[in-house]
Amino acid sequence: MSPLGRPRAHHRRTDSTNERAKALARVGAPHGTLVTADEQTAGRGRQGRVWTAPPGSAVLMSLVLRDLEVGQALAPLAAAVAVCEAAESCAPGVTCRVKWPNDVWVEGRKLAGILIEGRPQEGWTVLGIGCNVATVEFPDELRGGATSLALECSRAGRVPASDRGARDGPAPEDVLERLLEALEPWLVAWPRDVLSAWRQRDALLGGQVRWAQGTGTAAGIGDDGSLLVDTAGGRAALVAGEVHLERAGQ
Ligand code: BTN
């Protein structure tokens with residue numbers, strides 16, 4: 001397989017890197033093609049949400065992947081593990097967890113999100129990742145729920161692994177580089193290794209969760225990546241959708 005990140009198209013401003021990457025995939029862009037942007041005007045998240053970030057403050061990237069070895073179902077989980085590892089290596093002392101299926105959290109606040117789209121039947125997938133790196137102020141609706149590597153570095157006076165100086169936190173380009181390095185092995189990893197790494201970072205385990213159809217106690221993930229929840233009526237396995245953590249586990 002060719003390495004991730006080549007060829008690369010960088011936009012100072014675009015609608016959505018996922019849209020650009022999908023357009024490239026449709027006309028035959030090779031595995032590993034990377035689209036990045038300083039700013040998105042129509043960044044998209046899961047469940048129809050929007051994804052916004054001040055210009056130049058975040059990693060905004062989409063990768064074209066062909067014939068995924070880790071398998072379609074576990075790719076979102078593998079990507080989340082890679083984001084955790086990259087973030088932790090750029091910001092020593094920061095510990096990342098994953099909120100099912102693939103939000104990356106630091107101490108209960110969202111650091112990064114992942115949106116996977118594609119046409120498996122045509123042999124391609126686009127892996128979109130947004131990671132807040134240098135953001136120091138979030139809009140009112142996100143404040144309290146979102147964080148960045150800059151904020152996490154400064155919160156505890158941590159020194160970032162970057163040549164930009166301790167005050168700034170790591171640069172988005174440094175985080176992107178680490179992220180591509182981390183994705184490379186995780187996207188070809190054995191399913192059991194992906195599941196095991198993901199389970200060690202499970203932010204919901206033992207917590208009280210709520211979703212559109214019910215509530216219960218999060219009991220980890222199944223081997224197919226579904227979220228297991230113990231409810232009054234027995235164990236449920238959620239394969240898609242959104243869950244909310246109402247009370248963390250012990
Ligand atoms: C989520 O948490 O809901 C997923 C967010 C994914 C955002 C990234 S930013 C780069 C790429 N382009 C997009 O339009 N979305 C993804």
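Computed from a predicted model, the values in this text were never measured in an experiment. Note that ligands are numbered from 1 as they come in the structure, with each ligand's atoms numbered from 1 the same way.
- At a threshold of 4.0 Å, the pair Glu242-Arg49 counts as salt-bridged, since one of the basic side-chain nitrogens sits closer than that to a carboxylate oxygen.
- Applying the side-chain contact (heavy atoms from CB on, under 4.5 Å) rule to Pro7 yields the partners Pro30, Thr33; only residues at least two apart in sequence or on another chain are considered.
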Atom pairs and distances, ligand 1 N/O vs protein N/O under 3.5 Å:
from	atom 1	to	atom 2	distance (Å)
ligand 1	2 (O)	Lys110	NZ	2.5
ligand 1	3 (O)	Arg46	N	2.6
ligand 1	3 (O)	Arg49	NH2	3.2
ligand 1	12 (N)	Thr17	OG1	3.0
ligand 1	12 (N)	Gln40	OE1	2.9
ligand 1	14 (O)	Ser16	OG	2.7
ligand 1	14 (O)	Arg44	N	2.8
ligand 1	15 (N)	Arg44	O	2.7

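- Between Arg44 and Glu117, at least one side-chain nitrogen of the basic residue sits less than 4.0 Å from a carboxylate oxygen of the acidic one, meeting the salt-bridge criterion.
- A salt bridge does not link Glu177 with Arg8: none of the charged nitrogens is closer than 4.0 Å to a carboxylate oxygen.
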In a table with atom names and distances, give each donor-acceptor pair under 3.5 Å that connects a side chain of residues 219-233 to protein atoms at least two apart or in another chain.
from	atom 1	to	atom 2	distance (Å)
Asp223	OD1	Arg199	NH2	2.9
Asp224	OD1	Ser226	N	3.0
Asp224	OD1	Ser226	OG	2.7
Asp230	OD1	Arg235	NE	2.8
Asp230	OD1	Arg235	NH2	3.3
Asp230	OD2	Arg235	NH2	3.2
Thr231	OG1	Gly233	N	3.1
Thr231	OG1	Gly234	N	3.3
Thr231	OG1	Gly234	O	2.7

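- Applying the side-chain hydrogen bond (donor to acceptor under 3.5 Å, both in side chains) test to every pair with at least one member in residues 211-221, sequence neighbours left out, gives these pairs: Gln208-Thr217.
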